[in-house]
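Any value given below was found using the heavy atoms of this structure, including those in side chains, with hydrogens, waters and symmetry copies removed.
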Number of protein chains: 2
Amino acid sequence: MTSMNLSEFQSEWMPRFDAFLYSELDARVPSQENLHKAMAYSLMGGGKRIRPLLVLATISLANSEISEGFAAAAALEYIHTYSLIHDDLPAMDDDDYRRGRLTSHKVFGESTAILAGDALLTAAFEILAESSVISADKKIKLIGLLAKASGPNGMIAGQMDDVEGEKKTLTLEELKHVHDNKTGALIRYAVTAGCLIADADEPFITEMERFSRHLGLAYQIHNDLKDVVLDEAETGKTIHHDAALNKNTYPSLLGVTGSIQELNGVIRQAEDCLDRVALSNGDAEDKIDVFRQLLDYVRI
Amino acid sequence: MTSMNLSEFQSEWMPRFDAFLYSELDARVPSQENLHKAMAYSLMGGGKRIRPLLVLATISLANSEISEGFAAAAALEYIHTYSLIHDDLPAMDDDDYRRGRLTSHKVFGESTAILAGDALLTAAFEILAESSVISADKKIKLIGLLAKASGPNGMIAGQMDDVEGEKKTLTLEELKHVHDNKTGALIRYAVTAGCLIADADEPFITEMERFSRHLGLAYQIHNDLKDVVLDEAETGKTIHHDAALNKNTYPSLLGVTGSIQELNGVIRQAEDCLDRVALSNGDAEDKIDVFRQLLDYVRI
């Protein structure tokens with residue numbers, strides 16, 4: 001058995017996945033050039049593809065055919081990408097830059113950015129519905145779960161709570177709930193979709209879904225902390241930076257040290273899940289390493 | 001057999017459909033109160049429900065179970081409603097009123113309007129995926145076709161063309177193409193979905209899809225003409241009203257008389273389709289009357 005760590009997995013699978021993601025765009029947007037351009041700009045915006053990676057690595061860990069996950073992974077990345085475009089709009093977070101590049105509405109104008117987001121959201125379901133490698137029953141389940149995870153009882157509920165939460169101070173429980181919807185739902189979906197496609201067994205599903213819940217939470221704490229720490233490194237401001245601390249964030253509720261402790265605790269719980277998966281899958285250590293190394297992304 | 005005309009069909013089926021539409025909203029948005037409110041405001045905005053009506057009346061004409069069309073009709077109305085909310089946004093058409101009521105962003109603010117649109121779009125696919133009365137195979141087809149009709153090679157392509165077309169003068173062919181996507185695609189989908197759910201036979205499908213194409217076109221010419229005629233009645237301005245005539249509209253390309261002639265020709269073609277359907281469905285006259293009377297909506 002070859003040893004397969006995260007960067008090996010990435011270099012083997014992500015170029016193929018990116019090619020699929022892009023060929024789907026050509027298939028879905030054959031004629032509207034500017035719409036295609038705007039959708040491509042954001043899809044190829046240099047994200048780490050964490051969510052698609054989770055789908056594919058879960059399928060791999062469950063010993064199933066990785067390429068069967070491409071449609072679900074692409075649909076998920078389309079949804080994630082649309083949510084960033086709409087989130088950045090002037091009426092929302094009003095961001096000019098994302099990952100060091102101008103945001104969609106700064107490049108293409110606001111109306112095109114709105115439509116590009118709508119188009120990515122709609123095309124996600126088209127990609128899943130038209131996949132030729134998954135059964136109709138599985139596709140229906142994947143579509144229903146994706147709509148739920150990203151819709152008004154999932155990601156969009158989190159975004160609404162976030163918009164409304166700006167006006168008040170949340171408790172730790174409320175903050176966790178917002179993020180559980182806003183970013184957690186899609187991360188959990190990635191793992192659930194992978195399990196579903198691979199026909200994984202119940203104990204595996206339970207443990208991996210638990211893992212995805214911890215990962216989603218760690219991801220958010222890490223994000224909040226990074227804002228504080230990066231600001232410090234870049235601007236020399238104190239850690240109690242107003243902008244970061246007046247918003248509803250983990251550092252504002254738990255302090256920086258408290259947040260780091262919380263983050264480390266959550267990462268440890270995620271590792272425990274992986275250890276339990278390893279126990280009942282003796283020969284899968286190298287595949288589990290992919291997930292262990294994914295956790296490095298969220299360590300401080 | 002009871003005589004069944006349009007208003008009878010409406011009073012028998014639309015209250016039940018509206019109840020379904022609304023109960024789906026409760027199911028999809030159980031916890032986010034303001035999101036629910038904004039979605040409900042636009043869903044219950046006093047539209048004529050032409051698209052759901054077409055789905056249900058097509059199923060009825062094909063002698064199948066009308067209530068099996070509720071999920072597809074609701075999904076379609078959700079999509080139509082989201083498109084209106086986003087179309088009205090300041091960055092798009094910047095409309096303060098629709099059907100005599102304030103638009104979503106005027107009532108709830110822009111960020112909520114954007115999210116309510118996204119939520120309706122996403123929930124549409126959830127409703128279809130979770131319907132318990134249609135087979136998985138049919139659901140997948142309905143979802144694929146709905147995404148195609150409303151996505152970047154359908155409605156959204158039309159909206160992009162419309163945004164870009166504002167800057168130049170279109171030919172009649174180009175204008176037809178824009179509207180074929182922008183409003184035609186969802187009207188055609190309504191009839192196609194009805195045929196699919198009812199397992200209609202090929203000749204019926206061909207004729208009814210042809211009908212829907214004419215209806216969609218008539219709908220748009222009528223809309224353009226109404227703007228001119230209404231403006232005249234209300235403001236006393238001449239028929240060559242600048243705002244209407246400098247835009248890409250049928251009256252600006254064909255003149256008012258030419259547009260009326262075009263409209264009448266298209267309606268006649270639509271009626272011919274219905275006559276042919278009637279020929280091979282001898283006992284369906286009353287059900288076909290529902291469609292004939294639908295054409296009254298687009299007569300000048």
Side-chain angles (χ1 to χ4, degrees), chain A residues 25 27-32 34-36 38-39 79 82-83 86 89-92 105 109-130 135-137 139-148 150-157 159-161 163-164 181, chain B residues 25 27-32 34-36 38-39 79 82-83 86 89-92 105 109-130 135-137 139-148 150-157 159-161 163-164 181:
Chain A
L25 188 64
R28 306 300 153 209
V29 201
S31 61
Q32 229 302 338
N34 288 332
L35 195 58
H36 186 289
M39 292 165 80
I79 295 267
Y82 113 75
S83 78
H86 281 190
L89 286 170
M92 305 285 291
H105 64 273
E110 229 180 302
S111 54
T112 299
I114 292 170
L115 291 174
D118 293 342
L120 286 164
L121 167 48
T122 311
F125 293 103
E126 194 183 344
I127 292 171
L128 265 175
E130 298 208 338
S135 70
D137 272 335
K139 289 200 276 192
I140 279 298
K141 280 183 195 149
L142 288 167
I143 288 169
L145 289 169
L146 180 59
K148 210 177 274 301
S150 62
N153 196 30
M155 183 180 74
I156 297 177
Q159 288 169 317
M160 268 300 285
D161 287 338
V163 166
E164 293 178 347
N181 278 328
Chain B
L25 188 65
R28 306 300 153 206
V29 201
S31 61
Q32 226 304 339
N34 287 332
L35 196 58
H36 186 289
M39 293 166 80
I79 296 265
Y82 113 75
S83 77
H86 282 190
L89 286 169
M92 305 286 290
H105 63 274
E110 230 179 301
S111 54
T112 298
I114 292 169
L115 291 174
D118 292 343
L120 286 163
L121 167 48
T122 312
F125 293 103
E126 193 182 345
I127 291 172
L128 265 175
E130 298 209 337
S135 71
D137 273 334
K139 289 199 276 192
I140 280 298
K141 281 183 194 149
L142 289 167
I143 288 168
L145 290 168
L146 180 59
K148 209 175 274 301
S150 63
N153 196 28
M155 183 180 74
I156 297 176
Q159 287 169 319
M160 268 299 285
D161 288 337
V163 166
E164 294 177 347
N181 278 328

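- Looking at Leu115(A), both its backbone and its side chain come within 4.5 Å of chain B, counting heavy atoms on both sides.
- Among Pro152(A), Ser135(A), Gly144(A), the residue with the largest count of heavy-atom pairs under 4.5 Å with chain B is Pro152(A).
- Residues that satisfy the ring-ring contact (aromatic ring centres under 6.0 Å, His included) test with His86(B), not counting sequence neighbours, are His86(A), Tyr82(B).
- The two atoms that bring Ser31(B) and Asn153(A) nearest to each other are OG-OD1, 3.7 Å, heavy atoms only.
- Annotation: side chain of Leu146(B) is in contact with side chain of Phe125(B) (closest heavy-atom distance under 4.5 Å).
- Heavy atoms closer than 4.5 Å to chain A are found in the side chain of Met39(B), but not in its backbone.
- Heavy-atom pairs under 4.5 Å with chain B peak, among Glu130(A), Arg28(A), His36(A), Lys148(A), at Lys148(A).
- Here the shortest heavy-atom pairing between Ser150(B) and Thr122(A) reads OG-CG2, 3.4 Å.
- With chain A as the partner, the residue from Ser83(B), Ser111(B), Ala113(B), Pro90(B) showing the most heavy-atom pairs under 4.5 Å is Ser111(B).
- Interatomic distance, Asn181(B) CG to Ile156(B) CD1, rounded to the nearest 0.5 Å: 11.0 Å.
- Interface check for chain B: of the options Leu35(A), Ile114(A), Val29(A), the most heavy-atom pairs under 4.5 Å are formed by Leu35(A).
- At a 4.5 Å heavy-atom cutoff, Ile127(B) makes no contact with chain A through either its backbone or its side chain.
- Interface residue Gln159(B): backbone and side-chain heavy atoms are both found under 4.5 Å from chain A.
- The residue among Leu145(A), Leu121(A), Leu89(A), Thr112(A) with the most heavy atom pairs within less than 4.5 Å of chain B is Leu121(A).
- Contact of Asp161(B) with chain A is made through backbone and side chain together, with heavy-atom distances under 4.5 Å.
- The part of Gln32(B) that comes within reach of chain A is its side chain, from C-beta onward, which places non-hydrogen atoms under 4.5 angstrom from that chain.
- Between Glu126(B) and Ala147(A) the shortest heavy-atom distance is CB-CB, 3.6 Å.
- Within the 4.5 Å cutoff, no side-chain heavy atoms of Leu120(A) are placed close to those of Ile79(A).
- By the side-chain hydrogen bond (donor to acceptor under 3.5 Å, both in side chains) test, Glu110(A) is found to be paired with no residue, residues two or more places apart in sequence or in another chain being considered.
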